[in-house]
Amino acid sequence: MNVLNKSKAVKCLVALSLASLALTGCSKNKSKAVTGGTSKSIAVFVPGIIADSPIYAKMVEGVQKAVEENNNDADRMHPASVKIFEAGTDQTQWSSQLTALCAEAKYDCIISSNPSLPELTEPLTKQFPSQKFILLDAMKEGNENITTVRYKQDEAAFISGYIAGMMSKSKKIGLITAQEYPVMNEIILPNFEKGSKAAGLTQSVDFRIVGNWYDAKKGAELADAMSASGVDVILPICGGASQGVVASAKEHKTMLCWFDSNSYSSAPGLVISCVSSLQEKLAKEMTLKFLKDEIKWGTYTELGMKDGYVKLVDDDPLYIETVPEDIRKKVNEEIKKICD
Ligand code: RBF
């Protein structure tokens with residue numbers, strides 16, 4: 001090999017390793033990318049604000065952990081990359097933001113979460129036939145580009161309502177939602193009420209709407225008005241606006257039920273239940289399945305307490321201190337009935 005050819009070969013090698021770096025993003029197994037694997041690229045579309053919503057924060061963490069695990073696995077032939085898009089709370093923009101993401105043609109799969117996503121992504125699968133979507137906390141069957149998994153929110157709402165009913169002294173409980181949506185109106189609210197009635201309450205749930213997922217001031221105003229009318233347990237499902245509900249609860253000593261995450265410490269002694277969805281675990285598992293080409297496209301799966309994806313956090317010392325033992329026992333019996 002003459003000097004000129006030698007320098008050409010070196011340049012070629014440098015170019016190849018640069019290409020492999022670009023393929024793997026930050027993976028350790030660069031050589032694998034060159035020798036056979038195809039790089040997979042994932043976008044996480046956050047329909048809201050990560051910091052305000054544990055359900056979104058856990059989705060992002062789960063996907064990131066899956067990609068990290070995949071890229072650290074020396075035997076994996078498919079290094080992956082992930083990019084996070086925080087879409088914000090202006091829902092009128094979500095469709096065009098998603099279209100722009102698809103049009104980039106950079107992402108093999110877009111992962112997102114909430115029940116409005118199937119309707120937004122379905123038309124895009126016609127426009128961009130190779131674009132895949134994994135949608136959590138959502139339901140859609142029969143589209144070969146989409147797979148969905150939904151939590152049994154009826155179970156989460158029933159147990160929350162049951163604890164609220166057992167703990168309420170005024171026998172009046174409330175639910176503050178950010179907005180009305182089918183899962184809220186048809187599943188969460190009726191099952192929260194059903195749970196409270198199973199605990200002996202007779203009144204319907206005081207139901208109030210913030211109008212968005214961020215207005216903490218409005219959340220506090222609604223909670224203040226509720227406690228003024230005698231409500232002594234509130235379930236807030238309103239993202240950032242929940243902070244206002246917590247502030248009001250601390251002022252009026254109103255008890256709180258919580259959804260999606262462990263939040264006993266946000267108002268110690270006042271939070272009487274945290275029913276968590278295992279969104280991080282699910283997001284990680286679904287991402288790994290995608291990276292291993294194991295997703296069953298076009299399907300819809302529902303996961304609940306029996307499957308371990310919806311869980312009352314009952315081992316937190318604050319739950320044990322706040323909710324008396326006889327009530328905790330009755331709650332466990334209700335959970336057992338759901339799981340049997
Ligand atoms: N939940 C949140 O915690 N934060 C949000 O920003 C948020 N935005 C939503 C937007 C729409 C259009 C819909 C239908 C639901 C949204 N949710 C949000 C609710 C979420 O999907 C779920 O029902 C609740 O978190 C209770 O598990």
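Atoms considered below: every heavy atom in the structure, side chains included; atoms not considered: hydrogens, waters and symmetry mates. Order of listing sets the numbers, starting from 1, for every ligand and every atom in it.
Nearest heavy-atom pair across Y162 and A199 is O-CB, 3.5 Å. Across I272 and V323, no two heavy atoms sit closer than the pair O-CG2, 3.4 Å. Considering every non-hydrogen atom in both A66 and L291, the closest pair reads O-CD1, 4.4 Å. Between E86 and I50 the shortest heavy-atom distance is OE2-N, 2.7 Å.
Which parts of ligand 1 touch S53 is read off a 4.0 Å heavy-atom cut-off, strictly below it: atoms 2 (C), 3 (O), 4 (N), 5 (C), 6 (O). Taking every heavy atom of F259 and a limit of under 4.0 angstrom, the matching atoms of ligand 1 come to 26 (C), 27 (O). Taking a cut-off of under 4.0 Å to the non-hydrogen atoms of Q179, the atoms of ligand 1 that pass are 10 (C), 11 (C), 12 (C). Which parts of ligand 1 touch S116 is read off a 4.0 Å heavy-atom cut-off, strictly below it: atoms 12 (C). Here is the list of ligand 1 atoms found below 4.0 Å of a heavy atom in Q153: 26 (C), 27 (O).
The protein non-hydrogen atom at the shortest distance from atom 23 (O) of ligand 1 is Y181 OH, 2.7 Å. In terms of protein heavy atoms, atom 11 (C) of ligand 1 is closest to N114 ND2, 3.5 Å. Of all protein heavy atoms, the one closest to atom 16 (C) of ligand 1 is W213 CZ2, 3.2 Å.
Counting non-hydrogen atoms of other residues, nucleotides and ligands closer than 6.0 Å to CD of E119 gives a total of 12 or fewer.
When I55, D137, T89 are checked for heavy-atom proximity to atom 20 (C) of ligand 1, D137 turns out nearest.
Within the structure, ligand 1 lacks V183 among the residues with a heavy atom less than 4.0 angstrom away.
Screening D137, L136, L135 for a side-chain contact (heavy atoms from CB on, under 4.5 Å) with S112, the sole residue that qualifies is L135.
The N/O atoms of D260, backbone and side chain alike, include one that comes under 3.5 Å of an N/O atom in ligand 1.
The side-chain tip of K132 does not point at the ring of F290 from less than 6.0 angstrom away and within 45° of straight on.
Contacts with ligand 1 closer than 4.0 Å are made by side-chain heavy atoms of Y56 only, the backbone lying farther away. Residue Q91 touches ligand 1 through its side chain alone, judged by heavy-atom distances below 4.0 Å.
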* Decide yes or no on side chain to side chain contact (heavy atoms under 4.5 Å, CB included) for K40 and N70, but give the supporting numbers first. => CA-CA 11 Å; K40 285 197 175 155; N70 176 84; over 6 Å; no

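In summary, E333 and K336 do not engage in a salt bridge, as defined by a charged side-chain N under 4.0 Å from a carboxylate O.
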